[in-house]
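To keep things clear, I will list the structure first and then write my remarks on it.
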Amino acid sequence: MGLDYYKIKKNILRARKLVIRGTGAAGSGHPGGSFSMAEILGCLFGSHLRLDPKNPQWPDRDRFVLSKGHAAPGLYSNMAVAGYFEESEIDTLRKFGSRLQGHPDLKCPGVEFCGGSLGTGLSYSIGVALAARMDSRDSRVYVVLGDGESDEGQVWEAAMTAAKYKVDNLTAFLDRNFIQQDSYTEKIMPLDGILEGDDLSEMWKDASRWKTGDKWRAFGWNVIEIDGHRIEQIDAAIRRAKETKGVPTMIISRTIKGKSIEHMEDNPQWHGKAPDPAMIPVINMELDSQFMIAPSIIAGDMANLPGEIKRCADGRADYIHLDVMDGRFVPDKTFDHTKIKELRPLTGIPFDTHLMIDEPARHITNYIDAGSDIITVHAEVTDESGFGEICDRLKGAGVGAGLAINPGTELPEWSYKFLSDMDQIIVMSVVPGKSGQKYITDTHEKMARLAPLLREHGFAGYVEADGGINLENIGSVFADGARVFVGGGAIAGQHDARMAIHGFRDEVLRMRRRILLQEADRQGGREMVQKWIGLHVVGKKQEQIKKIAQEAGLC
């Protein structure tokens, strides 16, 4: 069974929007810490927790404990997405008589722990895990701790206790976002090393400063260190924790407070502060504007595909794009499922497999078994019946389902019935199977036609742009509505893939900022534009965004 990467990703987006909706309606709450753990909870609730929302007290359920209880909006939003209650109930957050109080309360079905007093969640989780062992149940306990609450001595008393009693059915996550209520953790009580300035990238980028893992190892824990916003790393860490016997597991997750909203990211102000309701449409647009970069490794050294995988991983690619060509549907031939299966153990980064082959339904199982996370087939070589069969197999295997259309092809009407369940649409902007082509400019008009059609039919997946994408056009392609960008010659064909990916991100970010400024102007005129700019106080963001606003004539 695959990770169902796209399902988790879409659930995380829904949950983030619910956090904004709930805290905005309440006028208070903690969006920053809810967003830093969003991917962790998305993976747990979407893939790993054994639970039954219709029977919250099921005795054999897994337990989730939120020790950093102030991040309750993040918990409630994931519970709503999982089906414990209607999403509309998030509007009652922090209201008198609501089940959704400012800190988790047992009045809410599915809540396992009344969090509020920091530092106590780990002790409680140990007790629940030991009780499960005494009752001969195979249920597991998961707990999320804040790094600020790790100043509490009780956390370390609990750490010793869990190791002594070999509580191996307990997995803890440390939400290592470097910010607590008043300031940066490394200025108040360092877990890693003292932070002299306000640039948290120092802590993120310099692994020699990471001391927190050593502390937990010294207390006898199995320690796994990950990027807490990479779904594939979270998933792999949970699986490793399940396999570990005789010791508890601590997953130290390096995260960003306020992740996905620029003005909240790494900003201590957003520890406990609600968004202005007037800004919520712009914030939701920013959430909908998250994007992914997918290098196409066939544009690199085809004789050394393992080396190309390593370059993608080192460059922090979001996906690895695998162009499978059979020499029939397209004139060229690359590799098939056997090569993908060979490459799969080299990285956990999602494999975005693009099948440019005839009769894809005949071969789809091979590409599922090879370890693809997303599989896209072409509209030109399938029909309603064939694609329905392909979708059923992909969904049953936990693999994302996509449909690709060539430059001369419009989205077929038969595909409309699948759009609400589809994960990806690839809009080809070159003729597939020929290298070195330039972006077909008519694709801009095609994307403009496609956008309202996708909305009308409930498409909640991602549009992927494939072919001729480079630094000169990626911004305009993002403005068209693409959110996944395949980079062939412009990334894999470059000597420094890391810098090429970084350049792609910078260009998309510049266009995204411009679009958000335009939306702020549409919502509230120049006054709101100024307010939006004023929210961005970390680093050089404010001056950069102000410059974009000036260039656009918005200030």
Side-chain angles (χ1 to χ4, degrees), residues 294-309 311-312 319-347 350-387 389-391 393-394 397 399-412 415 424-440 443 464-469 484-493:
S296 174
I297 60 173
I298 66 166
D301 183 358
M302 283 286 286
N304 183 21
L305 291 179
E308 293 302 317
I309 295 284
R311 290 207 307 142
C312 291
Y319 305 155
I320 293 173
H321 190 78
L322 301 169
D323 286 307
V324 176
M325 304 180 190
D326 63 0
R328 294 188 295 276
F329 175 61
V330 291
D332 290 344
K333 189 171 183 178
T334 54
F335 48 74
D336 63 9
H337 57 91
T338 56
K339 175 58 70 172
I340 294 175
K341 190 170 186 177
E342 178 186 322
L343 296 172
R344 179 70 279 183
L346 300 179
T347 183
F351 276 5
D352 174 26
T353 301
H354 180 187
L355 297 183
M356 289 179 268
I357 64 174
D358 279 334
E359 300 182 281
R362 285 184 55 197
H363 307 283
I364 203 75
T365 300
N366 290 331
Y367 288 94
I368 293 171
D369 294 343
S372 301
D373 296 283
I374 308 146
I375 297 178
T376 301
V377 303
H378 267 262
E380 296 83 5
V381 288
T382 189
D383 56 17
E384 180 176 343
S385 175
F387 190 71
E389 177 187 348
I390 288 168
C391 273
R393 288 201 220 167
L394 293 176
V399 175
L403 188 67
I405 51 175
N406 280 343
T409 305
E410 296 294 329
L411 198 65
S415 70
Q424 181 166 276
I425 299 287
I426 296 183
V427 179
M428 295 296 299
S429 43
V430 297
V431 177
K434 298 179 181 179
S435 61
Q437 301 175 71
K438 293 184 177 180
Y439 183 88
I440 297 173
T443 311
E464 180 174 291
D466 185 357
I469 305 298
V484 185
F485 302 93
V486 176
I491 295 180

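Since this is a predicted model, take the numbers as computed values, not measurements.
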Ala490: side-chain contact (heavy atoms from CB on, under 4.5 Å) partners, not counting sequence neighbours: Asn470, Phe504
Contacts of type ring pair (Phe, Tyr, Trp, His ring centres under 6.0 Å), residue Phe351, not counting sequence neighbours: none
Any residue meeting side chain to side chain donor-acceptor pair (under 3.5 Å) with Thr409, in chain and number order, not counting sequence neighbours: Glu380
Side-chain heavy atoms of Glu464 within contact of His354, under 4.5 Å: no
Heavy-atom check, side chain of Thr334 versus side chain of Met356, under 4.5 Å: no
Residues Ile340, Val324; criterion side chain to side chain contact (heavy atoms under 4.5 Å, CB included); working and verdict: CA-CA 9 Å; Ile340 294 175; Val324 176; 4.0 Å; yes
Partner residues of His363 under the ring pair (Phe, Tyr, Trp, His ring centres under 6.0 Å) criterion, sequence neighbours left out: none
Side chain to side chain donor-acceptor pair (under 3.5 Å) against Ser429, all qualifying residues, sequence neighbours excluded: none
Heavy-atom pair of closest approach, residues Val430 and Lys438: CG1-O, 3.5 Å
Any residue meeting side chain to side chain donor-acceptor pair (under 3.5 Å) with Arg328, in chain and number order, not counting sequence neighbours: none
Pairwise side-chain contact, Asn406 with Pro432, heavy-atom cut-off 4.5 Å (strictly under): yes
Test ring pair (Phe, Tyr, Trp, His ring centres under 6.0 Å) applied to Phe335 - qualifying residues, sequence neighbours left out: none
Any Leu322 side-chain heavy atom under 4.5 Å of Ile297 side chain: yes
4.5 Å side-chain heavy-atom contact, Ile298 and Asp332: no
Spacing of CD1 belonging to Ile390 relative to OG1 belonging to Thr382, to within rounding of 0.5 Å: 4.5 Å
Test item: Ser372 side-chain N/O and Tyr367 main-chain N/O as donor-acceptor pair under 3.5 Å: yes
Rounded distance [0.5 Å steps], NZ in Lys341 versus CG in Asn366: 9.0 Å
With Asp466 via salt bridge (charged side-chain N to carboxylate O under 4.0 Å, His left out) - residues at least two apart: none
Pairs meeting criterion side-chain hydrogen bond (donor to acceptor under 3.5 Å, both in side chains) with involvement of residues 296-308, two or more places apart: Ser296-Asp323, Glu308-Arg311
Rounded distance [0.5 Å steps], OG1 in Thr353 versus CD1 in Ile375: 5.5 Å
Ile357 CD1 to Met325 CE distance, which is reported to the nearest 0.5 Å: 12.0 Å
Listed once per pair and sorted, the salt bridge (charged side-chain N to carboxylate O under 4.0 Å, His left out) pairs that draw on residues 355-375, sequence neighbours left out: Arg344-Asp373, Glu359-Arg362
Non-hydrogen atoms of Asp383 and Gly386 that approach each other most closely: OD1-N, 2.8 Å
Those residues that, when tested against Thr338, pass side chain to side chain donor-acceptor pair (under 3.5 Å) (two or more places apart): Asp336
Residue pair Leu394 / Gly400: nearest heavy atoms and the distance that separates them: CD1-O, 3.9 Å
Pairwise distance CD(Gln424) to OG1(Thr376) - rounded to 0.5 angstrom: 4.0 Å
Close side-chain approach of Leu403 and Leu411, heavy atoms under 4.5 Å: yes
Results of salt bridge (charged side-chain N to carboxylate O under 4.0 Å, His left out) for Lys339 - residues two or more places apart only: Glu342
